[in-house]
Amino acid sequence: MPISFPKHLLASIALAALAAGCGTPERLANVGQQPALNAIQDPTTTPGYRPVQMPMPEPQQAHYNPNSLWQSGSRAFFKDQRASRVGDILTVVVTIDDKAEIENNTDRSRTETNGSGVGGALGTAIDTIFLPAGMAASDLANVNSNSSFAGAGKVDREETLQTNIAAVVTQVLPNGNMVIEGRQEVRVNYEVRELIVAGIVRPEDITANNRIASEQIAEARIGYGGRGQITDVQQPRVGNQVLDILLPF
């Protein structure tokens, strides 16, 4: 016997799915399936890609001296297999071991008292003519203010990440430095872990086995995260995120 659901129940489910966000239909279509890996693509064709522009010295025209094999501007006499051109691959050794402890305390207080009045003959005249009994012109106004503030802040952070990732040279700058970018996706069951590394490296910092340490990358951009069922459970629901943004308290 087929099971029928009330129309109002189906409408409520549809409205809940619509309120959950535009990605709900795609998530429902992928129920019970493993997260799909992104296709390999040229980083320069992705939306928002912009070539890196940095202050560069004036370019020098290469020339050979008479009876010499040395080329002006060369960094070494012999060529090697280290990455040096667009499209070459090198290995980035990512080592992050950061620990920071910061604690701040602030105490501030202020007390202020101001008074004003009129004395002498003028004060006596004001007391007699204008002021009721029990009031004196010598004590017309008294202002008292008292304010205090106490604040405390503490940061205790520790991050550790050690891994290797292959990156591709996407651009060679006029001074010989290279722009690299590497992406790595690893799927374990229903969770995808993604590692992204990008930045600018010097050819001199690349070792003989075509490796470079992450701390030698200028303008380094290192991202490590995931997507899948575990990450989805750890994230607040869309409604909670919207309320956190809109509510003023």
**OP:** Of all the heavy-atom pairs spanning N105 and E103, show the shortest one and how long it is.
**Re:** ND2-OE2, 4.1 Å
**OP:** Go through I96 and E215 one step at a time and tell me if the side-chain contact (heavy atoms from CB on, under 4.5 Å) criterion holds.
**Re:** CA-CA 8 Å; I96 299 177; E215 63 265 17; over 6 Å; no
**OP:** Decide if atom CD of E159 counts as having more than 12 heavy atoms of other residues, nucleotides or ligands within a radius under 6.0 Å.
**Re:** yes
Original post:
Is D232 salt-bridged to R237, going by a charged N under 4.0 Å from an acidic O?
Top reply: yes
Original post:
Minimum heavy-atom separation for A198 to I217, with atom names?
Top reply: O-CG2, 4.1 Å
Original post:
Which atoms form the tightest heavy-atom contact between L195 and I165, and what is the distance?
Top reply: O-CD1, 3.6 Å
Original post:
When hydrophobic residues are tied together by side-chain contacts of less than 4.5 Å, even through go-betweens, does I222 share a cluster with L90?
Top reply: yes
Subject >> Stepwise side-chain contact (heavy atoms from CB on, under 4.5 Å) test for I245 and V242 >> reply: CA-CA 5 Å; I245 297 174; V242 173; 5.9 Å; no
Original post:
What closest approach, in Å, do P203 and G176 show between heavy atoms, and which atom pair accounts for it?
Top reply: CG-O, 3.3 Å
**OP:** Check step by step if salt bridge (charged side-chain N to carboxylate O under 4.0 Å, His left out) holds for R183 and E194.
**Re:** CA-CA 7 Å; R183 293 174 178 268; E194 184 179 35; 3.7 Å; yes
Original post:
Is Y49 linked to I200 within one hydrophobic cluster, defined over Ile, Leu, Val, Met, Phe, Trp and Tyr using a side-chain heavy-atom separation of less than 4.5 Å?
Top reply: no
Original post:
Should N146 and S109 count as side-chain neighbours, where that means a heavy-atom distance under 4.5 Å?
Top reply: no
Subject >> Greater than 12 external heavy atoms within 6.0 Å of L173's CG >> reply: yes
**OP:** List the steps, then state whether salt bridge (charged side-chain N to carboxylate O under 4.0 Å, His left out) holds for R193 with E191.
**Re:** CA-CA 7 Å; R193 309 306 294 176; E191 186 74 10; 3.4 Å; yes
**OP:** Look at R187 together with E185 and state whether they make a salt bridge at an N to O cut-off of under 4.0 Å.
**Re:** no
**OP:** Decide yes or no for N164 and R211: does some side-chain heavy atom of the first lie under 4.5 Å from some side-chain heavy atom of the second?
**Re:** yes
Original post:
Do the side chains of I180 and T170 get nearer than 4.5 Å, heavy atoms only?
Top reply: no
Original post:
Less than 4.5 Å apart, any side-chain heavy atom of V197 and any of S214?
Top reply: no
Original post:
Out of curiosity, R202 CZ to M178 CE, how far, rounded to the nearest 0.5 Å?
Top reply: 11.0 Å
Subject >> Audit row: T95, L161, side-chain contact (heavy atoms from CB on, under 4.5 Å) steps and yes/no >> reply: CA-CA 6 Å; T95 303; L161 175 62; over 6 Å; no
Original post:
Are the side chains of V169 and V179 in touch, meaning some heavy atoms are under 4.5 Å apart?
Top reply: no
Subject >> Shortest non-hydrogen separation from D42 to T44 and the atoms involved >> reply: OD2-OG1, 2.8 Å
Original post:
Any idea which heavy atoms bring R82 and T207 closest together, and the distance?
Top reply: CD-O, 2.9 Å
